[in-house]
**Student:** 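Pasting in a structure now, in structure tokens, and then I'll have a few things to ask.
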Amino acid sequence: MSQVKFPALVGESPLAILAAIGTLRLIHDFVDEGARLSWDPADREPVLHSKLSSVDAVAEELAEIVTEMPEDVVVPGGPAGFPLERIGTKGSDPMRPLPGGMADLFATLTAGLCESEVDTVAIWMGSLVTDLVFRKPAKKGEQPVGMVSQFIAGAGQQTIATMLEKSHESVCSHPEYLYQALAGWRRGEGVTGEYLDHRAIWSATDDPRGQNGKMRGVPGATWLALMSYPLWTTTAAGKQVRTSGWHQEKARRGSVAELRLPLWQEPLGPAAIKALVEHPVLEGKGETKTPEAAALRLLGIFHVCCAHRRQADGGKSAGVLVPVS
């Protein structure tokens, strides 16, 4: 088994960590079921343990996964027409279930599909939405709808379908983005990074033309990060939505949602990574809800990347993820 490091995915930001996990999930599910992922404590770079011997080989396999996807399919192994697209520009995202409507929505989405496609829809739905907590209607007469994953912070009229479609189109048109995601990031104008990457927001001082509010994300890394989503579960904690990796940290006024993503030393597969990210140790103890260092070491965790969402000036999204540790 070879060990391949990805120098562009240093585990110091949510985008990099999620992209590394997304890479593992794709290689594990479509190329080598023995693939595992670890992190080098010396430089915090991810290490893929698999039959692939180089970054080029990994990027080629990822590109092949993309090119083999049929037309109108935007998630590997999924069916055409998933996720549901909104008709027109008004109304809520059709992927948000009505109260108690998750089973009905799933039945609609999977009617006539083969078993593998049904399984793919199931893992994506369990990650993306929940019918256990609801968004209050914005207007009188509207129905409450289920909440989406805490990883999703779409702005304006964005839906789950457009989020996945836009990212898929970028790597489909430019397979070289996948190599760049692993070896050396190149930012592209108009790429939001799906609000996982605080460096995607450029101010007027960053822009050579002095323009404010431009987004310059990393398209390949963004798509790979989205490919990690099926590992996570979106459910409810009391009256609040709760997605794997997210915690409530005490703040001056109430609490704030904090994403905590660990880096670990031992090679782990997708199921073990999910268990580690969801481990109660990461919830922390005491008033500050800080994870105990000794307990983290017992799990092989040597660093935890914590991030909060921060609203950009004039932004319409839930905010971009900014690392705080």
Side-chain angles (χ1 to χ4, degrees), residues 9-25 28 36-41 44-47 123 126-128 130 132-133 147-153 194-198 224-251 254-310 318-325:
L9 300 181
V10 177
E12 295 176 349
S13 73
L15 178 62
I17 297 171
L18 292 172
I21 295 172
T23 299
L24 168 72
R25 190 186 76 81
H28 176 276
R36 300 290 184 266
L37 185 73
S38 66
W39 299 82
D40 187 338
R44 296 183 182 174
E45 290 183 4
V47 183
I123 61 172
S127 165
L128 296 171
T130 180
L132 299 178
V133 285
M147 296 293 287
V148 297
S149 163
Q150 288 179 276
F151 285 107
I152 298 175
E194 293 308 327
Y195 306 96
L196 302 171
D197 174 22
H198 70 290
L224 289 171
L226 295 180
M227 293 303 103
S228 77
Y229 285 9
L231 287 183
W232 320 130
T233 300
T234 296
T235 182
K239 296 181 179 180
Q240 302 295 321
V241 65
R242 179 72 174 267
T243 302
S244 305
W246 288 84
H247 306 265
Q248 289 298 126
E249 184 188 53
K250 189 173 181 180
S255 61
V256 62
E258 180 173 272
L259 175 62
R260 297 175 181 171
L261 294 173
L263 304 185
W264 58 91
Q265 289 184 262
E266 294 299 318
L268 300 178
I273 292 172
K274 176 179 173 63
L276 194 65
V277 170
E278 296 176 347
H279 199 285
V281 164
L282 289 167
E283 183 70 22
K285 292 183 178 180
E287 272 193 39
T288 59
K289 293 290 185 179
T290 303
E292 295 181 346
L296 293 176
R297 285 195 297 271
L298 286 174
L299 293 173
I301 296 172
F302 63 87
H303 175 69
V304 178
C305 175
C306 301
H308 296 171
R309 289 207 181 275
R310 291 184 185 169
V320 67
L321 276 172
V322 179
V324 294
S325 71

**Student:** Got a second to check how far Thr23's OG1 is from Leu9's CG, nearest 0.5 Å?
**Tutor:** 6.0 Å
**Student:** Between the side chain of Thr233 and the main-chain N/O of Ser244, is any donor-acceptor distance below 3.5 Å?
**Tutor:** no
**Student:** Tell me the closest heavy-atom pair linking Ile123 and Pro230, and the distance in Å.
**Tutor:** CD1-CB, 3.8 Å
**Student:** Taking all heavy atoms of Leu263 and all of Gly11, pick out the closest pair and write down the distance.
**Tutor:** CD1-O, 3.4 Å
**Student:** What I'd like to find out is whether the side chain of Asp197 reaches to under 4.5 Å of the side chain of Ser13, using heavy atoms alone.
**Tutor:** no
**Student:** CG/Leu231 to CG/Leu18 distance, rounded to the nearest 0.5 angstrom?
**Tutor:** 10.0 Å
**Student:** Rounded to the nearest 0.5 Å, what separates atom OG in Ser149 from atom CH2 in Trp232?
**Tutor:** 10.5 Å
**Student:** To the nearest 0.5 Å, what is the distance between CG on Leu24 and OG on Ser228?
**Tutor:** 10.5 Å
**Student:** In a table with atom names and distances, give each donor-acceptor pair under 3.5 Å that connects a side chain of residues 234-242 to protein atoms at least two apart or in another chain.
**Tutor:**
{"unit_1": "Thr234", "atom_1": "OG1", "unit_2": "Ser127", "atom_2": "O", "d": "2.5"}
{"unit_1": "Thr234", "atom_1": "OG1", "unit_2": "Thr243", "atom_2": "OG1", "d": "3.1"}
{"unit_1": "Arg242", "atom_1": "NE", "unit_2": "Trp246", "atom_2": "O", "d": "2.5"}
{"unit_1": "Arg242", "atom_1": "NH2", "unit_2": "Trp246", "atom_2": "O", "d": "3.2"}
{"unit_1": "Arg242", "atom_1": "NH2", "unit_2": "His247", "atom_2": "ND1", "d": "3.3"}
{"unit_1": "Arg242", "atom_1": "NH2", "unit_2": "Glu283", "atom_2": "OE1", "d": "2.6"}

**Student:** Please tell me if the side chains of Gln265 and Ser38 come closer than 4.5 Å, counting only heavy atoms from C-beta onward.
**Tutor:** no
**Student:** Measure across Arg260 and Gly284 and return the closest heavy-atom pair with its distance rounded to 0.1 Å.
**Tutor:** NH1-N, 4.1 Å
**Student:** If we ignore hydrogens and angles and just use 3.5 Å, is the side chain of Arg310 paired with the main-chain N or O of His198 as donor and acceptor?
**Tutor:** no
**Student:** Counting distance only, does the side-chain N/O of Arg25 pair as donor-acceptor with the main-chain N or O of Met227 below 3.5 Å?
**Tutor:** yes
**Student:** Nearest 0.5 angstrom please: Leu321 CG to Arg309 CZ, how far?
**Tutor:** 4.0 Å
**Student:** Find the distance between CD1 (Ile152) and CG (Leu128) and round it off to the nearest 0.5 Å.
**Tutor:** 5.0 Å
**Student:** Quick one, Trp264 and Leu299 - any side-chain contact, counting heavy atoms below 4.5 Å?
**Tutor:** no
**Student:** Quick check: do Val322 and His308 have side-chain heavy atoms less than 4.5 Å from each other?
**Tutor:** no
**Student:** Output all residues satisfying side chain to side chain donor-acceptor pair (under 3.5 Å) with His279, sequence neighbours left out; order by chain, then residue number.
**Tutor:** none
